[in-house]
Amino acid sequence: MTETFKESNYLPFEKEIMEIDRQLHKLKGENAESSEIYSLHKRQVELLQETYNELSAWQTVQVSRHPNRPILSDYLKNMVKEFSELHGDRCFGDDKAIVTGFGHIGMERVLIVGHKKGRDVKDKVECNFGCANPEGYRKALKNMKLAAKFGVPVVTLIDTPGAYPGIGAEQRGQAQAIAQNLMELARLRTPVISIVIGEGGSGGALGIGVGDSFAMLQYSYYSVISPEGCAAILWRDGSKADQAAEELKLTAKDLKNLGVIQDIIPEPLGGAHRDKYTAIYNVESFILSKLNELKYKNIDQLLEKRYERITSIGQPSQFSSAGE
């Protein structure tokens with residue numbers, strides 16, 4: 001529970017949880033008896049477990065968009081040491097929606113590539129709410145090739161509603177930039193770990209989402225289109241986003257069953273927004289474990305496995321096992 005109680009911190013399906021948190025906040029301020037606080041804490045935990053064990057696809061999307069959910073800047077601050085940012089694509093400019101740079105995770109030197117969403121309004125506008133332009137994908141590719149040149153592994157942290165759809169982005173080759181990244185990442189001669197930490201929307205996510213290991217945080221989503229966009233196209237009614245979310249099979253559990261992702265990184269009880277430090281620690285532990293597994297593999301074998309994983313997505317054998 002946050003130090004300051006705010007109703008805006010709660011999602012529409014968390015009304016009962018909000019009332020318990022409100023009572024806890026009040027009792028702690030009044031220095032009430034510990035037995036009463038303990039009883040409420042116990043009920044709070046039970047409710048969180050019941051609610052988050054049965055989240056619908058649309059509720060999962062809402063959790064992935066929570067305003068307090070840890071974003072790229074939180075991971076850079078708490079997980080990456082000696083981060084040195086690299087700017088520009090040597091072609092047009094420096095896209096603020098994608099951040100790249102070298103740093104250390106644990107004892108491992110890595111290149112970090114991630115979507116920057118921003119926390120306050122000024123920040124969000126500056127980085128386009130995490131929607132990257134083609135120069136962002138070109139910057140990412142330029143620096144990933146630099147990492148490969150020196151044998152440095154790449155870690156990509158995905159959190160975007162999608163690539164920026166503006167006319168300027170299209171004029172500067174948005175589709176081509178993403179396609180180029182897909183091709184080059186498939187044969188990049190260094191280990192690549194990709195993790196969806198929040199939203200994984202469309203080509204915006206794909207542009208930095210090809211690698212040897214693909215994982216999602218437990219309450220993130222990964223989809224060809226946003227639920228609202230899908231509902232608007234299929235039913236001409238954006239209010240049917242909850243139905244679209246179910247049909248899209250965009251949750252981590254669904255996508256692992258379909259063979260699209262390999263691993264699900266657990267989140268703290270009640271989602272990453274309730275305990276960002278534990279969430280970040282879980283991501284860090286996953287990265288270090290995967291790096292330890294990948295860095296000793298022969299690079300040619302690594303590329304062959306990467307290619308097999310990518311080309312196996314969507315094969316009939318995977319769909320037939322989705323319900324198992």
Side-chain angles (χ1 to χ4, degrees), residues 1-75 77-79 117 119 157 159 195-200 215-222 227 241-243 245-246 249-257 261 263-289 324:
M1 186 175 67
T2 55
E3 291 182 9
T4 304
F5 180 84
K6 292 181 181 178
E7 288 192 15
S8 60
N9 287 337
Y10 296 85
L11 296 166
F13 59 87
E14 294 182 313
K15 289 180 180 178
E16 199 173 345
I17 296 167
M18 180 181 72
E19 288 307 317
I20 289 181
D21 281 358
R22 191 199 305 276
Q23 292 176 52
L24 278 169
H25 183 75
K26 184 180 178 182
L27 288 172
K28 286 183 177 181
E30 296 172 351
N31 295 316
E33 290 185 14
S34 58
S35 59
E36 191 173 359
I37 292 175
Y38 173 78
S39 177
L40 277 172
H41 262 306
K42 185 178 178 183
R43 180 56 184 151
Q44 177 203 48
V45 170
E46 290 172 352
L47 263 178
L48 284 169
Q49 288 174 335
E50 290 171 13
T51 302
Y52 278 78
N53 284 342
E54 300 296 332
L55 286 185
S56 68
W58 176 238
Q59 288 170 337
T60 300
V61 172
Q62 291 175 299
V63 175
S64 76
R65 295 171 175 173
H66 195 286
N68 293 337
R69 189 175 180 86
I71 55 177
L72 179 65
S73 57
D74 296 308
Y75 287 90
K77 180 180 178 181
N78 296 286
M79 184 178 75
K117 272 188 168 180
R119 186 67 78 186
L157 301 177
D159 190 11
I195 303 171
V196 181
I197 58 172
E199 294 187 87
M216 292 174 64
L217 273 172
Q218 189 175 1
Y219 304 123
S220 61
Y221 83 88
Y222 183 55
D242 55 341
Q243 184 179 343
E246 292 293 340
K249 303 298 179 188
L250 46 66
T251 67
K253 184 178 179 181
D254 285 333
L255 292 167
K256 187 173 182 183
N257 286 339
I261 69 167
D263 297 285
I264 300 173
I265 303 172
E267 294 190 28
L269 181 64
H273 58 278
R274 278 189 164 254
D275 184 356
K276 72 176 182 180
Y277 298 108
T278 298
I280 292 169
Y281 173 78
N282 290 349
V283 171
E284 180 178 3
S285 299
F286 175 82
I287 291 170
L288 291 174
S289 172
E324 292 179 3

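Numbers for residues simply follow the sequence, beginning at 1. Worth saying up front: this structure is predicted, and the values here are computed from it rather than measured.
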(request) Apply the test side-chain contact (heavy atoms from CB on, under 4.5 Å) to residues Y281 and D275: give CA-CA distance (whole Å), side-chain angles for both, the deciding distance (0.1 Å), then the verdict. (result) CA-CA 10 Å; Y281 173 78; D275 184 356; over 6 Å; no
(request) For the pair L217 and R69, evaluate side-chain contact (heavy atoms from CB on, under 4.5 Å) and give the outcome as yes or no after the intermediate values. (result) CA-CA 11 Å; L217 273 172; R69 189 175 180 86; 3.7 Å; yes
(request) Applying side-chain contact (heavy atoms from CB on, under 4.5 Å), run through R119 and I71 and close with a yes or a no. (result) CA-CA 8 Å; R119 186 67 78 186; I71 55 177; 3.6 Å; yes
(message) Before you tell me yes or no, could you show the steps for E14 and Y52 under side-chain contact (heavy atoms from CB on, under 4.5 Å), namely the whole-Å CA-CA distance, both residues' side-chain angles and the distance that decides it to 0.1 Å?
(response) CA-CA 10 Å; E14 294 182 313; Y52 278 78; 2.6 Å; yes
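T251 has its side chain out of reach of L55: every pair of non-hydrogen atoms, C-beta onward, lies at least 4.5 Å apart. Inter-residue side-chain proximity for H66 and L11 is flagged as met; some heavy-atom pair is nearer than 4.5 Å. I264 is not listed as a side-chain neighbour of M216, based on a closest heavy-atom distance of 4.5 Å or more. In this structure, P227 and L250 have side chains that are in contact, with non-hydrogen atoms separated by less than 4.5 Å. Residues E19 and L47 fail the side-chain proximity criterion, which asks for heavy atoms closer than 4.5 Å. Residues R65 and Y221 are in side-chain contact: their nearest non-hydrogen atoms beyond the backbone lie under 4.5 Å apart. At least one side-chain heavy atom of L269 sits less than 4.5 Å from a side-chain heavy atom of Q49.
Residues A272 and P268 come closest through the heavy atom pair CA-CD, 4.0 Å. The two atoms that bring S220 and T60 nearest to each other are O-CG2, 3.6 Å, heavy atoms only. Here the shortest heavy-atom pairing between I195 and F286 reads CD1-CD2, 3.9 Å. Smallest separation of non-hydrogen atoms from G271 and Y219: CA-CD1, 3.9 Å.
For the atom pair CD1 (I261) and NZ (K253), the distance works out to 12.5 Å, reported to the nearest 0.5 Å. In this structure, the separation between CD on E54 and CZ on F13 is 12.5 Å, given to the nearest 0.5 Å. Between atom CD of residue E284 and atom OH of residue Y277 there is a gap of 14.0 Å, rounded to the nearest 0.5 Å. To the nearest 0.5 Å, atom CG of residue L24 and atom CG of residue L40 are 4.5 Å apart.
By the 4.0 Å N-to-carboxylate-O rule, E7 lies close enough to R22 to be salt-bridged with it.
Between the side chain of E246 and the main chain of S56, no donor-acceptor pair closer than 3.5 Å is present. Side-chain N or O atoms of E267 include none that pairs as donor or acceptor with a backbone N or O of A279 at under 3.5 Å. With D159 contributing its side chain and I197 its backbone, the two residues share no donor-acceptor pair below 3.5 Å.
Remark: of the listed residues K26, K15, R274, K6, R274 is the sole one forming a salt bridge (charged side-chain N to carboxylate O under 4.0 Å, His left out) with D21.
With sequence neighbours left out, the salt bridge (charged side-chain N to carboxylate O under 4.0 Å, His left out) criterion links K249 to no other residue. E46 pairs by the salt bridge (charged side-chain N to carboxylate O under 4.0 Å, His left out) definition with R43, not counting sequence neighbours.
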